[in-house]
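Written below as structure tokens is the structure these notes are about.
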Amino acid sequence: MSTERPLRLALFGSGRIGQVHARNMAAHPGIELALIADPFIDGARRLAEATGARAVQDPEEVFAEPGLDGVIIGSPTPTHVDLISRSAARGLAVLCEKPIDLDINTVLACREQIRGYTVPIMLGFNRRFDPSFAEVRSRVEAGEIGRLEQVTIISRDPAPAPRDYIASSGGIFRDMTIHDLDMARFFVPDIVEVSAVGSNVFSDEIKELDDFDSVTVTLRGSGGELITITNSRHCAFGYDQRLEAFGATGMLSAGNVTPTTVRKSGAEGTEESAPYLPFFLERYAQAYMAELDAFAHSIRTGAPCSPSFEDGVAALVLANAAAESALTGKTVSVAGANA
Ligand SMILES: NC(=O)c1ccc[n+]([C@@H]2O[C@H](COP(=O)([O-])OP(=O)(O)OC[C@H]3O[C@@H](n4cnc5c(N)ncnc54)[C@H](O)[C@@H]3O)[C@@H](O)[C@H]2O)c1
């Protein structure tokens, strides 16, 4: 049995993603979830009760708490850069949810502030930890399909988020596609070109907000690789999350996930099975746990974090380029800006 003391962590935010992180921390044998900070104290209290932590209303109390090793930032995006800088300045390791911020200048200013701090700073691009996607990537890296030529990423939400969420999301490229842009860089870190088109095919509400409900992005890697991302804000058959890596000697693909693998064949049809897991909380449950484990490993060993703050910067650079391309109809060069 390990005699190491558990890592003492605090959590900012007890909303949708905060609840995932809190429950995973509580279940992790090497972690003690000490504090949950949220101005919405009722939410923090409920979550603290369920996880054995202490709820605090004022996020400042996290910085006054002695003996913490790190924090997880699951509060709204506009709070991220301030909490990253202040946590790192106090020597606390950081796992921050995506995106770092919606404004690249704010992100670059944060990068300057944290320059020189040696604590791990990790970005919550959880899909890198999905067992299937991670396996495809490691088998590509091992050379199983020869030289990588194309990656196809499909990501469709089951239904659009509420109007208020869309209105403050920064647009589909910065809010939704950003996960897929990071996934693209997981396979091809050096992207040189971005082309994107957006459309409004089903939601007048999203159109009124000057955003797209449907987009396609094509990226070119420095080795000529082509990566295609397809996103929709709705999908009649659930949360559609698939990818395919195509190489000179073969292909590796990862499909959607159902709660069980039971399938029915009958006179009325074949291969009928249960619906796909409904949304990110269920589909990426294992990924969030593996992400937490990787964060704990970095804190304990000092191993570099992946995905890193710089991966967060690169994904936002690509999202901005995609938004520009969709607006102007031109391909945007990002050579040297995201590797
Ligand atoms: N990686 C993923 O799969 C994923 C999924 C969902 C959300 N996110 C990201 O997580 C962040 C939070 O999203 P959400 O959907 O959980 O939001 P949410 O609105 O459900 O929850 C946010 C919580 O943070 C609290 N809060 C506000 N200011 C705070 C502060 N200064 N300190 C501590 N708590 C504060 C709010 O009261 C609220 O309870 C966003 O940046 C979002 O982009 C990531």
Side-chain angles (χ1 to χ4, degrees), residues 9-24 33 35-48 53-65 71-87 92 94-103 106-107 110 122-130 133 155 157-158 160-183 186 231 239 241 277-292 294-295 307 311-312 315-316 319:
L9 303 184
L11 172 70
F12 293 103
S14 62
R16 288 189 309 170
I17 201 68
Q19 292 175 32
V20 173
H21 290 307
R23 291 179 203 281
N24 285 347
L33 173 56
L35 288 184
I36 300 175
D38 195 319
F40 173 54
I41 189 65
D42 289 352
R45 278 201 189 115
R46 265 197 303 274
L47 194 56
R54 186 155 60 85
V56 294
Q57 184 159 25
D58 185 355
E60 292 302 318
E61 288 195 41
V62 170
F63 300 120
E65 177 75 9
V71 298
I72 295 187
I73 302 174
S75 46
T77 302
T79 65
H80 290 181
V81 290
D82 177 56
L83 292 174
I84 292 173
S85 308
R86 295 171 67 208
S87 302
L92 299 172
V94 176
L95 168 56
C96 180
E97 268 310 331
K98 50 58 61 178
I100 301 172
D101 193 85
L102 295 174
D103 177 9
T106 306
V107 171
C110 180
M122 183 167 163
L123 249 284
F125 286 123
N126 54 293
R127 294 182 194 179
R128 290 191 184 211
F129 297 95
D130 175 73
F133 296 166
S155 173
D157 281 352
R163 185 189 172 89
D164 287 355
Y165 179 94
I166 301 271
S168 61
S169 69
I172 189 168
F173 295 111
R174 294 178 195 88
D175 177 54
M176 183 174 173
T177 319
I178 198 158
H179 271 296
D180 308 298
L181 293 166
D182 180 68
M183 184 52 64
F186 193 37
N231 289 151
Y239 192 37
Q241 301 286 295
L277 293 178
F279 207 7
F280 61 90
L281 299 177
E282 298 85 2
R283 171 66 176 79
Y284 290 117
Q286 280 177 286
Y288 292 119
M289 190 46 124
E291 172 185 82
L292 178 64
F295 180 50
D311 291 316
L316 184 61

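Just follow the structure's listing: the first ligand is 1, and inside any ligand the first atom is 1. Start at 1 with the first residue, then count along the sequence.
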Please verify whether a non-hydrogen atom of His80 lies at under 4.0 Å from ligand 1. yes
Which ligand 1 atoms does Phe280 reach within 4.0 Å, using its non-hydrogen atoms? 5 (C), 6 (C)
Does some non-hydrogen atom of Pro99 fall short of 4.0 Å from ligand 1? yes
For ligand 1, note which part of Pro59 has a heavy atom under 4.0 Å away: side chain, backbone, both or neither. side chain
Which residue supplies the protein heavy atom nearest to atom 21 (O) of ligand 1, what is that atom called, and how far is it? Gly15 CA, 3.2 Å
Before you tell me yes or no, could you show the steps for Arg45 and Ile36 under side chain to side chain contact (heavy atoms under 4.5 Å, CB included), namely the whole-Å CA-CA distance, both residues' side-chain angles and the distance that decides it to 0.1 Å? CA-CA 8 Å; Arg45 278 201 189 115; Ile36 300 175; over 6 Å; no
List in chain and number order the residues that pass side chain to side chain donor-acceptor pair (under 3.5 Å) with Asp130, two or more places apart in sequence or in another chain; answer none if no residue qualifies. Arg283
With heavy-atom distances below 4.0 Å as the criterion, list the atoms of ligand 1 near Phe40. 37 (O)
Is the closest side-chain heavy-atom distance between Phe12 and Ile72 below 4.5 Å? no
Report yes or no: does a heavy atom of Gln19 sit under 4.0 Å from some atom of ligand 1? no
Judged by non-hydrogen atoms, does Gly124 sit under 4.0 Å from ligand 1? yes
Heavy-atom distances under 4.0 Å are what count here, so tell me which part of Arg16 touches ligand 1: side chain, backbone, both or neither. both
Return yes when at least one protein heavy atom is under 4.0 Å from atom 3 (O) of ligand 1, and no when none is. yes
Tyr288 neighbourhood, listing ligand 1 atoms whose heavy-atom distance to it stays under 4.0 Å: 2 (C), 3 (O)
If you count the non-hydrogen atoms of other residues, nucleotides and ligands that lie under 6.0 Å from CD in Glu65, is the total more than 12? yes
In the protein, what heavy atom is nearest to atom 8 (N) of ligand 1, and what distance, to one decimal place, separates them? Glu97 OE1, 4.0 Å
Can you tell me which residue and heavy atom of the protein come closest to atom 41 (O) of ligand 1, and the distance to 0.1 Å? Thr77 OG1, 2.8 Å
Test side-chain contact (heavy atoms from CB on, under 4.5 Å) applied to Ile100 and Asp311, Val81, Thr77, the passing residue: Val81
Which part of His179 is near ligand 1, with near meaning a heavy atom under 4.0 Å away: side chain, backbone, both or neither? side chain
Option whose closest heavy atom lies nearest to atom 38 (C) of ligand 1, chosen from Val20, Thr79, Asp38: Asp38
If we count only non-hydrogen protein atoms and require a distance under 4.0 Å, does atom 17 (O) of ligand 1 qualify as touching the protein? no
Only heavy atoms of Pro76, strictly under 4.0 Å: list the atoms of ligand 1 that pass. 22 (C), 24 (O), 25 (C), 26 (N), 27 (C), 28 (N)
Starting from atom 43 (O) of ligand 1, locate the nearest protein heavy atom and write down its residue, its atom name and how far away it is, to 0.1 Å. Lys98 O, 2.9 Å
Contact between ligand 1 and Phe125 is defined here as a heavy atom of the residue under 4.0 Å from a ligand atom; is it met? no
Polar contact flag for Ile17 and ligand 1 (N/O pairs, less than 3.5 Å): yes
Would you please classify the geometry between the Tyr288 ring and the Phe280 ring as parallel, tilted or perpendicular, with 30° and 60° separating the classes? perpendicular
